[in-house]
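Some notes on the structure that comes next.
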2 protein chains.
Amino acid sequence: MPLLMLKNLPRYECLLEAAKEFPDLDPSACEAFLHLLHTGDECFRAVESQLARHNISQGRFGVLMSLLNNCRNDDGQAALSPAGLADRTGVTRATMTGLIDTLERDGLVTRAHDTEDRRMMVVGLTLRGRELLHEILPDHFKRMAMLMQSLDEAERKTLVQLLNKITTQAAAMAPAVASSFPAAV
Amino acid sequence: MPLLMLKNLPRYECLLEAAKEFPDLDPSACEAFLHLLHTGDECFRAVESQLARHNISQGRFGVLMSLLNNCRNDDGQAALSPAGLADRTGVTRATMTGLIDTLERDGLVTRAHDTEDRRMMVVGLTLRGRELLHEILPDHFKRMAMLMQSLDEAERKTLVQLLNKITTQAAAMAPAVASSFPAAV
DNA sequence: TATTTATGGTTAGCCGCCTAACTATAAATT
DNA sequence: AATTTATAGTTAGGCGGCTAACCATAAATA
């Protein structure tokens, strides 16, 4: 009898057994689902652990990358608003306040009042923040590449296609849940 | 110029562009990686949102399922220790204390002192907890199946195989990070 | 037997996520 | 111009995750 959504993945035979008792359980769907979540989790951890060595969480990384990207676009807006950051990183404005708090505390970002709209703050990357990213990113990308190195180009393409089918389905199931994809960046 | 690990996935062309500046960035690996995390996230949300309607979080669900599974094994141990639950669900003992606190508060589990080892508590599923699971699980499995319905059996098998390659790689990268897999359940 | 080590559960503090509510400001409407 | 609606950022409270430390108990060692 399988444990579903637990740390250790159940064997397929266990899923077959469970399907006898839970008619709504589709063994192969369940297996694919659990493997997907499990692999995603492992990949997340592999990359996150390296960030954590620099005291950077996933959420903080997203903020820093958003700001770095904004600088690189050279569109004259070297800073972003908390709401803009929240939108880009997929968290609420309330959460973004806390993230900016700790990033500011650590000297990685600056926060100032917008001169044109008094409701707004503007957040910018400090030199220290930029330097930290330049320190982190090479290894970050290396780990990403290493995780995928056992897949050749065709397999990667296959994987992406299969994953796209799933996200399309997810979007169809709950439109309010789905994110825009792919997005113009 | 892509935003990496942000809410919206970058287009492949953006990854190619970024690779010019970050030599360690492998575009196809990055694309596969980001799609994997993104799809996992969407799937997680699709299922989690249904659980949340019953005021059950992912963590609480794992506890309840572990207890349900333990009952079903009929091995005479209808209850588990907090440490056992923590091990099964992949969280720390400290976290488990909090999870059990709220589950007990909501009348879904019982908590008592172990009679054989005075260090230990035993946690068991209440009738109410069992009933809630029986209410939740049909729809839970349906959503899981629906997420994967656009993949046929061969595609599901392919996906699992590709995912297994990745988790093997993740395990090779950081043995301390990898979970045992597949586990005997 | 006494001491040391290991194990279990909890607490405190931190972080990051959420929702709802709030205040301040800007924009839209009357 | 006055009022209403919308937007931005923050706060409060809750939840769930972590680490380290703690106390109680059990097991291992001297």
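A quick note: this is a predicted structure, and the numbers were derived from the prediction, not measured. Throughout, protein chains are lettered first and strands after them, A, B, ... in sequence-line order, and every chain is numbered starting at 1. The analysis underlying the following values was restricted to heavy atoms, covering all of them including side chains, and did not include hydrogens, waters or symmetry mates.
Residues satisfying the side chain to side chain contact (heavy atoms under 4.5 Å, CB included) criterion with A/Glu104, sequence neighbours excluded, are A/Val109, A/Arg111. Judged as a salt bridge (Lys or Arg N to Asp or Glu O under 4.0 Å), and not counting sequence neighbours, the contacts of B/Asp117 are B/Arg119. Residues forming a side chain to side chain donor-acceptor pair (under 3.5 Å) with B/Thr95 (at least two apart in sequence, or on another chain): B/Thr92. Under the rule for a side chain to side chain donor-acceptor pair (under 3.5 Å), A/Glu116 has no partner lying at least two apart in sequence or in another chain. Checked against side chain to side chain donor-acceptor pair (under 3.5 Å), A/Asp41 has the following partners two or more places apart in sequence or in another chain: A/Arg45. For A/Asp106, the salt bridge (Lys or Arg N to Asp or Glu O under 4.0 Å) partners are A/Arg60, not counting sequence neighbours. In this view, B/Asn55 satisfies the side chain to side chain donor-acceptor pair (under 3.5 Å) rule with no residue, not counting sequence neighbours. Residues passing the side chain to side chain contact (heavy atoms under 4.5 Å, CB included) test with A/Lys142 are A/Asp139, B/Asp24, sequence neighbours excluded. By the side chain to side chain contact (heavy atoms under 4.5 Å, CB included) test, B/Ser150 pairs with A/Lys165, A/Gln169, sequence neighbours left out.
Looking at heavy-atom distances under 4.0 Å, A/Gly98 makes no contact with the nucleic acid at all. Within the nucleic acid shown, B/Thr97 comes within 4.0 Å of at least one base atom, counting heavy atoms only.
Judged purely by atom type and a 3.5 angstrom limit, A/Arg93 has no side-chain atom pairing as donor or acceptor with the backbone of A/Ala83.
Per the geometry, CZ belonging to A/Arg60 stands 16 Å off C1' belonging to D/dG17, to the nearest Å. Computed from coordinates, the A/Met96 CE to D/dT11 C1' distance equals 17 Å when rounded to whole Å. Across the protein-nucleic acid pair, A/Asp87 atom CG and D/dT7 atom P stand 13 Å apart, rounded to whole Å. Counting to the nearest Å, the P atom of D/dG17 and the CG atom of B/Asp101 are 13 Å from each other.
Of all the residues in residues 103-122 of chain A, A/Arg111, A/Arg119, A/Met120, A/Met121 reach under 4.0 Å from DNA chain D with at least one non-hydrogen atom.
In this structure, A/Asp26 and B/Met144 have side chains that are not in contact, with every pair of non-hydrogen atoms separated by 4.5 Å or more.
Reading DNA chain C from its 5' end, the first and the last nucleotide to sit under 4.0 Å from a heavy atom of chain A are C/dC15 to C/dA26.
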Interface polar pairs with nucleotides 18-21 of chain D, N/O, under 3.5 angstrom:
residue: D/dC18; atom: OP2; partner: B/Thr92; partner atom: N; Å: 2.9
residue: D/dC18; atom: OP2; partner: B/Thr92; partner atom: OG1; Å: 3.1
residue: D/dC18; atom: OP2; partner: B/Thr95; partner atom: OG1; Å: 2.7

